[in-house]
Number of protein chains: 2
Amino acid sequence: MINQQDHILIVDDDRDIRNLLADYLEKQGLRCTTAADGREMKSALERHRIDLIVLDVMMPGDDGLTLCRNLRAGGGTQANTPVLMLTARGEDMDRILGLEMGADDYLPKPFVPRELYARIRAILRRTRALPPNMEAPAHAHSTELHFGTWRLDTIARHLIDTDGVVVPLSGAEYRLLSVFVAHPQSVLSRDQLMELTQGREADVFDRSIDLLVSRLRQRLRDSAREPALIKTVRNEGYVLAATVTAANGDKP
Amino acid sequence: MINQQDHILIVDDDRDIRNLLADYLEKQGLRCTTAADGREMKSALERHRIDLIVLDVMMPGDDGLTLCRNLRAGGGTQANTPVLMLTARGEDMDRILGLEMGADDYLPKPFVPRELYARIRAILRRTRALPPNMEAPAHAHSTELHFGTWRLDTIARHLIDTDGVVVPLSGAEYRLLSVFVAHPQSVLSRDQLMELTQGREADVFDRSIDLLVSRLRQRLRDSAREPALIKTVRNEGYVLAATVTAANGDKP
DNA sequence: TGCCCACGGATACGCAGCGATACAAAACCC
DNA sequence: GGGTTTTGTATCGCTGCGTATCCGTGGGCA
């Protein structure tokens, strides 16, 4: 498969700065997405697998500090994404890096893009190293997700039906299903699914997602004709038409 | 969590290093105490409420690993204090981070103080974030780790099944399994596994990890076709699909 | 209503990634 | 130093997943 690029999300209200930084970083071989405010940032985080966020402190509406704190506190799947904060000189650096905010580094303006790139690489190198086993015992979130008549065991990475029969999943199938259960009842385009499962973009006439959905439906014993779980939305994508409830898989 | 300064204990036999680090960290707003050996460390722990210990591995007398293990096993009030281990590159990183030793992170020398500060912040943030009452189990020093139907005896370095039958492991097999057990449910790439088990980089078409996994699966009586424990994630690596719990191996 | 046609389902097939076995080199052990 | 155990290399075969292709179908439009 391809050399998976790191994906940077740049959040800044100034359009020129956003584009300038994105252009520079892309020249250095990074992949970039931009967002103008907290709302766009949130939506970008839902649509892409982001490796690092560059966040401006000074912004109208929610400022960078607030956004960073919310990100960390939110507990979403991307709550631990590294953050590099862009600050004006003289701001309270300690607080930014401090425990409350939880940024991974900061860069005072003005700066040269080269410096930004260097810091991004440094942070990525650090975080790339294995996360030390912070969460040894039972995970905060649950290990079994119920939807329809199925349970998805997120530890064993397989399905269990009502009779307790285990249905194994391949790696790609598990990733795809994970994405669906993370976004139930919302239509996911092929681009989004591609992005969220593989972190890469789809070629123009890529049908691999269709095929994967087809294989997943077989696993779920869901027919394409009358799908109970994964419904096709013509010209748009697919939807998981079921409610997902979290339950911990503790056995008595 | 507010203005109360975090208090770091630096344990290193080299006086210059101790002072250098303490000065730097104090400039960053942390409070520091230093200790030259295990005895001083113990006494500092009795006299102060320490938030994090920076511990050098290489020391005359008791080395850092021993001190860390004793700290965890001792069961004192500070038995769960986070530990950041300073190591020479190529040391047995998986054991350091592993559940047996119970360090929270390590930093290979040489490093820049800034890096140390960043990691300290990261650890404090993580441990702060944990609910206050879930004490101990995370890092309780234990000689036996349970996962699936197996127990891993980390002293004898072998496996025990439900019937008490002992399955021996070779050195490489044990190291690999330790890494998996220290990072359950996360997909580990071949590069990471190579790094953590051997401390060296993989050649382009190195298949030694595959082979080792295969041998380990045999030991665990886990088939590659329908793996219950070590699952293959195509193009990515392997994942231990089980929860790991630390238990002390005391038998009634 | 009937035709068109684009979209998506299904099947076939190829390839690269992985599993397994055999064998060689290296390390270890009396 | 010879035998044993462990670990890496070479090779072959299988399979998961992607591409190619064909077919069913459903909606738009006259």
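Lettering follows sequence order; numbering is per chain, from 1.
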>> At a heavy-atom distance below 4.0 Å, what parts of residues 214-225 of chain A sit against DNA chain C?
In response: Ser214(A), Arg217(A), Ala224(A)
>> Ignoring hydrogens and geometry beyond distance, is a side-chain donor-acceptor pair present between Ser189(B) and Asp191(B) at under 3.5 Å?
In response: no
>> For a quick test of reading the model: is some side-chain N or O of Ser170(A) closer than 4.0 Å to OP1 or OP2 of dT15(D)?
In response: no
>> Rounded at 0.5 Å granularity, tell me how far CG in Asp51(A) sits from CG in Leu124(A).
In response: 6.5 Å
>> Does Arg207(B) contact dG17(C) through a side-chain donor or acceptor facing the base, at a distance under 3.5 Å?
In response: no
> Pick from Val166(A), Asp153(A), Val165(A), Leu220(A): which one makes a side chain to side chain contact (heavy atoms under 4.5 Å, CB included) with Leu159(A)?
Replying inline: Leu220(A)
> Picking from dC17(D), dT19(D), dG19(C), which would you name as closest to the side chain of Tyr238(B)?
Replying inline: dG19(C)
> Can you check the Arg175(B) CZ to dT6(D) C1' distance for me, whole Å?
Replying inline: 11 Å
> Could you give the distance from CD (Gln28(A)) to CD1 (Ile8(A)), rounded to the nearest 0.5 Å?
Replying inline: 11.5 Å
> Which value, rounded to the nearest 0.5 Å, describes the distance between Leu152(B) atom CG and Ser178(B) atom OG?
Replying inline: 6.0 Å
>> Can you measure Gln198(A) atom CD to dC17(D) atom P for me and round it to whole angstrom units?
In response: 10 Å
> How would you label the contact of Leu212(B) with the nucleic acid (heavy atoms, under 4.0 Å): base, sugar-phosphate, or nothing?
Replying inline: nothing
> For Arg217(B) and Thr232(B), does a side-chain donor sit closer than 3.5 Å to a side-chain acceptor?
Replying inline: yes
>> As a test of understanding, state which of Arg31(A), Arg47(A), Arg175(A) forms a salt bridge (Lys or Arg N to Asp or Glu O under 4.0 Å) with Glu195(A).
In response: Arg31(A)
>> Heavy-atom nearest nucleotide on DNA chain D for Glu173(B) versus Gly171(A): which residue maps closer to 5'?
In response: Glu173(B)
>> With the threshold set at under 4.0 Å for non-hydrogen atoms, list the residues of residues 226-236 of chain A touching DNA chain D in residue-number order.
In response: none
>> Which residue is it: Gln218(A), His158(A), Arg219(A), Arg215(A)? I am looking for the one with a side chain to side chain donor-acceptor pair (under 3.5 Å) to Glu173(A).
In response: Arg219(A)
>> Looking only at the side chain of Asp210(A) (C-beta and beyond, no hydrogens), which of the listed nucleotides dT7(D), dG9(C), dG8(D) gets closest?
In response: dG9(C)
> Taking atom P of dT5(D) as reference, at what distance in whole Å does atom CG of Leu169(B) sit?
Replying inline: 16 Å
>> How many whole angstroms separate atom CG of Leu211(B) from atom P of dA25(C)?
In response: 17 Å
>> Please report the distance, rounded to the nearest Å, between CG in Leu193(A) and C1' in dG8(C).
In response: 14 Å
> Rounding to a whole Å, what distance do you find between Ile209(A):CD1 and dG9(C):P?
Replying inline: 12 Å
> Roughly how far, to the nearest 0.5 Å, is the CG atom of Leu188(A) from the CD atom of Glu46(A)?
Replying inline: 10.5 Å
